[in-house]
Number of protein chains: 2
Amino acid sequence: MTEENPEEPAAAPRRRGRPSRKAASEGPDARTRILEAARTEFAERGYDKTSIRGIAKAARVDAALVHHYFGTKDEVFAAAVEVTFEPALVIPTVLGGPPEGLGERLARFFLSVWEDPGTRTPLLAILRSAVTHEAAADVLRDFVLRRLLERVAAELDVPDPTLRAELAASHMLGIAMLRYVVRAEPLASADPEDIVAMVAPTLQRYLAES
Amino acid sequence: MTEENPEEPAAAPRRRGRPSRKAASEGPDARTRILEAARTEFAERGYDKTSIRGIAKAARVDAALVHHYFGTKDEVFAAAVEVTFEPALVIPTVLGGPPEGLGERLARFFLSVWEDPGTRTPLLAILRSAVTHEAAADVLRDFVLRRLLERVAAELDVPDPTLRAELAASHMLGIAMLRYVVRAEPLASADPEDIVAMVAPTLQRYLAES
DNA sequence: GTCTATATCGTGATAGAC
DNA sequence: GTCTATCACGATATAGAC
């Protein structure tokens with residue numbers, strides 16, 4: 001993991017003549033590269049172990065440039081995990097439709113979000129960091145949980161809707177931990193649809209059954 | 001008396017005259033104090049943010065003494081979370097008794113372990129560290145999960161027993177995350193028995209129902 | 001046994017040259 | 001805009017005095 005970078009498209013064959021001025025800055029511009037590098041670094045290492053220098057190296061820029069664009073490390077993190085993640089998006093997808101399919105729709109939506117690397121990376125960054133970094137824990141509590149749970153809970157016709165919604169969330173969080181963070185078998189290699197089939201009835205009971 | 005409580009940084013009033021040689025070594029001996037301090041430090045801050053100096057300060061000893069007794073930081077961590085946690089203990093308690101009460105016994109056992117600070121602290125240390133520190137993740141995978149799950153799974157009379165046992169574990173892990181690590185409401189303040197009542201049927205379904 | 005002193009390194013952040 | 005140079009700090013770990 002020294003020089004090669006995932007973004008670099010297929011090691012172009014060695015060109016002759018004078019090197020292009022853009023040789024070291026192919027692909028997206030520096031700002032975007034920094035943001036992407038920050039996301040994957042925070043996702044893989046968590047907040048504490050991620051360094052500005054490490055982000056800079058992954059983005060193939062100078063460390064000072066990271067500060068120049070984003071300021072402090074906290075601000076880099078905030079920018080990296082700032083999720084458009086509009087919670088409204090989940091409402092029609094999951095809550096719409098027949099109530100008896102709620103658990104299955106939620107389980108499938110949850111897994112699809114985590115199976116897609118594009119959406120998984122910032123979530124991993126938040127999860128890996130929330131355990132020790134208070135600002136990340138705030139993001140998890142206030143955005144991922146509160147804004148989402150209170151909307152879901154508002155639609156439920158059960159006693160203790162917020163507690164039930166949170167228990168459902170705790171199960172999904174635990175699955176994310178074991179499957180994507182700790183990578184414990186057999187869950188880490190299980191077929192997503194098998195997980196959906198097993199988990200859906202649980203979510204259904206929490207959210208729709210009294 | 002909490003005179004040697006690590007949370008209270010030695011609030012002893014400033015004494016006059018020549019310091020007693022024992023002033024800094026009241027209570028348990030240094031080795032025990034270091035171990036206890038290490039447990040709470042790792043539990044509260046996670047592996048990365050915990051420093052040998054911090055442990056030494058909490059234990060009111062010199063930092064070099066920590067190295068002298070336990071070696072490197074990794075070895076301090078291993079000693080701190082080395083859980084006697086005999087998995088055999090859980091077998092009769094939980095698996096014994098009528099099968100239809102399995103979920104409830106497991107839920108109650110799980111919460112009792114986490115509600116007791118004595119058993120919670122090393123588990124918190126493992127959980128907070130496993131997210132970023134590979135050695136801690138190994139402990140979580142190999143000891144807390146594998147040794148426990150494979151015994152439980154061996155007793156189950158359902159298809160996919162290990163996957164089902166792990167799904168049950170994922171739910172409990174998620175509850176531990178939200179209640180004890182992230183402290184998200186309303187789960188963080190919920191009555192343990194209410195949680196048992198809600199979660200028991202879920203565990204029951206995973207472990208005993210086909 | 002305990003602690004002082006230190007070697008060595010990596011961190012976040014800033015100032016300022018080009 | 002980009003990068004060099006540097007500051008101030010705290011980390012692990014060790015050598016060795018008493």
Side-chain angles (χ1 to χ4, degrees), chain A residues 1-3 5 19-35 37-38 41-42 44-80 125 128-129 132-136, chain B residues 4 9-10 18-35 37-38 41-42 44-80 125 128-129 132-136:
Chain A
M1 55 191 281
T2 40
E3 262 311 308
N5 193 294
S20 159
R21 230 184 55 78
K22 285 187 179 156
S25 52
E26 279 165 9
D29 66 329
R31 202 178 181 281
T32 318
R33 287 207 315 278
I34 292 172
L35 220 45
E41 290 285 307
F42 283 124
E44 287 172 7
R45 302 193 220 285
Y47 185 89
D48 301 319
K49 273 181 156 158
T50 296
S51 70
I52 301 280
R53 287 159 150 91
I55 293 171
K57 186 182 291 185
R60 306 191 313 281
V61 300
D62 189 273
L65 201 60
V66 180
H67 282 127
H68 178 256
Y69 278 130
F70 297 101
T72 71
K73 184 179 173 182
D74 267 292
E75 292 169 320
V76 178
F77 178 80
R128 270 229 166 79
S129 304
T132 51
H133 192 62
E134 199 50 40
Chain B
E4 75 283 0
R18 174 169 160 278
S20 159
R21 232 186 61 75
K22 280 188 181 160
S25 53
E26 281 165 9
D29 67 327
R31 202 177 181 282
T32 317
R33 288 208 315 278
I34 291 172
L35 220 46
E41 290 286 306
F42 283 125
E44 288 173 6
R45 304 190 219 285
Y47 186 89
D48 302 319
K49 273 182 159 161
T50 296
S51 70
I52 301 280
R53 289 157 144 90
I55 293 171
K57 185 182 292 185
R60 305 194 313 283
V61 299
D62 189 273
L65 200 61
V66 180
H67 282 127
H68 179 257
Y69 278 130
F70 298 100
T72 72
K73 183 178 172 181
D74 266 292
E75 293 169 318
V76 177
F77 178 80
R128 270 229 166 79
S129 305
T132 50
H133 192 62
E134 199 50 39

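Proteins get letters first, then strands, A, B, ... in listed order; numbering begins at 1 in each.
Between K73(B) and D48(B), the closest heavy-atom pair is NZ-O, 3.7 Å. Closest non-hydrogen pair, I52(B) versus A63(B), comes out as CG2-O, 3.9 Å.
The nucleotide whose nearest atom lies closest to any side-chain atom of H67(B) is, among dT14(D), dT2(D), dG12(C), dT14(D). Taking only side-chain atoms of Y69(B), from C-beta outward, the nucleotide of dT2(D), dT2(C), dG12(C) with the closest atom is dT2(C). With dT14(C), dA11(D), dT11(C) as the candidates, the nucleotide lying closest to the side chain of S51(A) is dT11(C). For A64(B), whose side chain is taken as the heavy atoms from C-beta onward, the closest listed nucleotide among dG1(D), dA13(C), dC3(C) is dC3(C). The side chain of D62(B) approaches dT4(C) more closely than any other nucleotide in the set dG12(C), dT4(C), dT2(D). In this structure, of dC3(C), dT4(D), dG12(C), it is dG12(C) that holds the atom nearest to the side chain of K73(A).
Other residues, nucleotides and ligands contribute at most 12 non-hydrogen atoms within 6.0 Å of the NZ atom of K57(B).
For the pair H133(B)/D74(B), a side-chain contact is recorded, criterion being any heavy-atom separation below 4.5 Å from C-beta on.
The CG-C1' distance, from L65(A) to dA13(C), rounds to 15 Å in whole Å.
A donor-acceptor contact under 3.5 Å is formed by the side chain of R53(A) with the base of dG12(C).
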